[in-house]
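Hydrogens, waters and symmetry mates play no part in the numbers below; they use all other heavy atoms, side chains included. Within every chain, numbering begins at 1; the chains are lettered A, B, ... in the order of the sequence lines, protein sequences first and strands thereafter.
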Amino acid sequence: MEYNFREIEQKWQAEWKKNGTYKTEIDNSKPKFYVLDMFPYPSGAGLHVGHPLGYIASDIYSRYKRLKGYNVLHPMGYDAYGLPAEQYAIQTGQHPAVTTTKNINRYREQLDKIGFCYDWTREIRTCDPGYYQWTQWAFIQMFNCYFDNNLQKAQPIQQLVDQFEKSGTEGINVTCTETMEFSAQAWNSKTEKEQQEILLNYRIAYLANMKVNWCPALGTVLANDEVSEGVSVRGGHPVEQRIMRQWSLRVSAYAQRLLDGLDTIDWTDSLKETQKNWIGRSEGAEMKFKLKGQDTEFEIFTTRADTIYGVTFMVLAPESDYVKVCTTPEQASAVEAYLDQVKKRTERERISDRRVTGVFSGSYAINPVSGTEIPIWISDYVLAGYGTGAIMAVPAHDSRDYAFAKHFNLSIIPLIEGCDISEESFDAKEGILTNSGFLNGLTVKKAIAATKKYVEEKQIGRIKVNYRLRDAIFSRQRYWGEPFPVYYKNGLPYMLPIEKLPLLLPEIDKYLPTETGEPPLGRALNWGWNEAEQKVTATSEIDNQNIFPLELNTMPGFAGSSAYYLRYMDPHNDKGLVSREVDDYWRNVDLYIGGTEHATGHLIYSRFWNKFLFDLGIVCEEEPFKKLINQGMIQGRSNFVYRIKDTNTFVSLNLKNQYETTPIHVDVNIVSNDILDIEKFRNWNPEYKTAEFILEDGKYICGWVVEKMSKSMYNVVNPDDIVENYGADTLRLYEMFLGPIEQSKPWDTNGIDGVHRFLKRLWSLFYKENKFLVNNNEPTADELKSLHKTIKKVTYDIENFSYNTSVAAFMICVNELFSMKCSKKAILEPLVILLTPFAPHIAEELYHALGHESTVCNAEFPVCNESYLVENSIKYPISFNGKVRFTLELPADMPRDEVEKTAMANEQTEKQLDGKTPKKIIVVPGKIVNIVF
RNA sequence: GCCCGGAUGGUGGAAUGGUAGACACGAAGGACUUAAAAUCCUUUGGCUUCACGGCUGUGCGGGUUCAAGUCCCGCUUCGGGUACCA
């Protein structure tokens, strides 16, 4: 019987499906384990061979944990809302739901072939109303809460209203967009509209005018993590700054908790570091500067309060509110011209072009410590969004201030003894202060502390912690996303009642903005809210009395992916996102596998969302993902042919230097071991039908290079083809065998024969021609040693996610058993169970061949018996001055001095020493002998 | 600029401070076969030697150690993240 992988894999996939082998239920008798993959966005291109890498890794771990006796939750679903489907809809008129469903079906077909142990009864799609009603629900919860800074926790907004009614803003410490102060009396005398407007300043989901990243090409705003270097991450379109009234989530309120939480989870240091930088905590002081000749003052933020004596000018961000206050009539036109110029520049231009620009406002500030007068400038190197949007400039010790001072010829006062500032600023936080009044003689560190103390005592400012993390803009001017459960009355937002969710995404005729520039939902014919009857009605009936307009924006991509891991726990619950009982069992994700590209997006938003739900008591764990592993990227390995210039003749790689050639990408699927299949090449493209070839050794050898896997490079390898030619088990093993899971590495189909041969060889221990070879003979010590060595290694490697080395261990074991001609059941049965996580189909087949009726998935993972591994003798490497010269086989229990004596007595030792006396002899029992002379 | 990773044969990669190159691909040679495929066996870092063996070798330069791919210091270089963040 031959190893017929096609038959075996189809048979067991059907059997597993029929028996619900991977269906998971709560089972209090077993410990739980939750393994999650980052769910995919189903793109039209389908899966290439790089996508399943992480899925295979998590599948192995899931199966391993199950064999170890855990109740394993391992679900899968689709991040189904997104731009590509919508842009395809704009081009073709095809409804995004149609495209998305088609792509999902294709993904599912591809995934099914690989033999994953997903519980598909728990599948979710973010665009499914049964799912997105909980995204809408969460948004309403956020609208109904504010963040209490003292408790560091979300609280119902009603508590804040009670507070305002009783004592106004007196004594409150809550996160808000803008600091407000009013009395209880003032609050109580405000109209409903005014009160609601104020509350938006405090809600966790709030509507506000803010500076947003507007992407004209995509026709929508983008969040900070969706923009990189001034262009959109998706598509690379330019982004500009605009003020717009948009929904935002007060993620910044959770900055400290997001930072602290990192210490409690098992993520890689580099990922934690990325999040730390993104959150960007910096401790400093906020200081007040008075304006000369006026009764106003303004605040700046600095981490270098110690440099206060070196402030020679101030800088305001162009968007700062202080600009108006500071600009004198004489300077008004110059300032206006400058603001105009700044406004015209896109984010990208500003980043690429670092010219020093700025304008003098005409006003002066008073240094609160030294009392000197300081000119106030305006420049776009100061950002409105960070700190207070105003800085004190210390050109001697800040390179940006230095460049500005040099450009505009402003004075520079050095503050550190002996520092050289003739060419550049001295930015290091070290040295002894000078020119600094009461700080003279102190080190920088001490001076910072001393200034902070001084600032607080003299009440010219306060210690302040700033975060770089911004609130998340939550509105998108797109069609294919979750509709907001919001309608507008008097221009103010009101939430739909929770029982009326989901608010379904309406149908529209075209997926474009309206003629008046409204988002696509502006085209919906049924997009009014009948408040009295609590239902959606015709847009034409909107009268702003009883029928109100619904929100036209939709939610961004990260909305649906922020809590999906919770929904998998309880996917069919129609009373809540997840019931508390179910959440108490599954708690959080024990192992999360996915790419690093989500480090500053999804992984921040999810943690924020989870913390918010934790505050509400909906979930029991504060962190959603306990352990996280980033799988590396699978790169493409492109092949080239070399066309001789101006001909249709192609020259083989090692002869190309004799000609003038152009390298041309050739489809890797018509190349094998870098040898071109000439016939296939001629048929690949009509242009090459008549191609001529200059061969070497009768072959055409292609060149190759590692680059991104993409259609345009013709280096995309499809997992379906691999499964068809080698089987899913071979694909799974080979993907793991390629190298460490976290490392990026190129895909090269060439090596796949090795793991395929391994499976065939394993098969050959069971079957020869039509004979079943397995017997019940007693295993020998060597056979047991081979097996248990492998059990030990594989167990250790799985726990440490070192899958490439476990595949190697399997190969070694099978090679050993093969040369021992071992077909003993006592050895093969544990081996088959051990292999189950990696190659479940062949394992299931062989397990049944060994006489089992039930699935191997429910078997017990073998345990290593150390007593089989004990060695009687050890081969000691005998080295001289660190260089190994020969080995000596000695009994394992030989004491140290005996080993030394035996080694010294050896004639080869004598030869090596050549009459010299050893200075020192190192014996590491069980390891090595080193003789120094 | 700052932060985080890497750099080991022709290739992918192994290696708790203890015989560098496990395992696999590829290549070369051989067996079986009319032939091919499949399978099996042998060799395979480089230089050198008929051979035993010797020399050399983990990006570069130093150091620590009886012993360094591994630890420390200083570079080179390739990835990734991030940035007028005060």
Tell me what [X] touches on the nucleic acid: a base, only sugar-phosphate, or nothing, going by heavy atoms under 4.0 Å.
| X | result |
| --- | --- |
| A:R637 | nothing |
| A:K919 | nothing |
| A:D398 | nothing |
| A:N930 | base |
| A:R761 | sugar-phosphate |

At their closest point, which heavy atom of A:P918 faces which heavy atom of A:M904, and how far apart are they? CG-CE, 3.5 Å
Using a strict threshold of under 4.0 Å (side-chain N to carboxylate O), is an ion pair present between A:R637 and A:E707? no
Taking 4.0 Å as the cut-off, does a side-chain nitrogen or oxygen of [X] come that near to OP1 or OP2 on [N]?
| X | N | result |
| --- | --- | --- |
| A:K920 | B:rC66 | yes |
| A:Y386 | B:rA86 | yes |
| A:Q743 | B:rG13 | yes |

B:rU44 - base-pair partner by Watson-Crick or wobble geometry, distances under 3.5 Å: B:rG26
A:S652 side chain vs A:N654 backbone, donor-acceptor pair below 3.5 Å: no
State the syn/anti category of B:rG17 according to its glycosidic angle, syn meaning within 90° of 0. anti
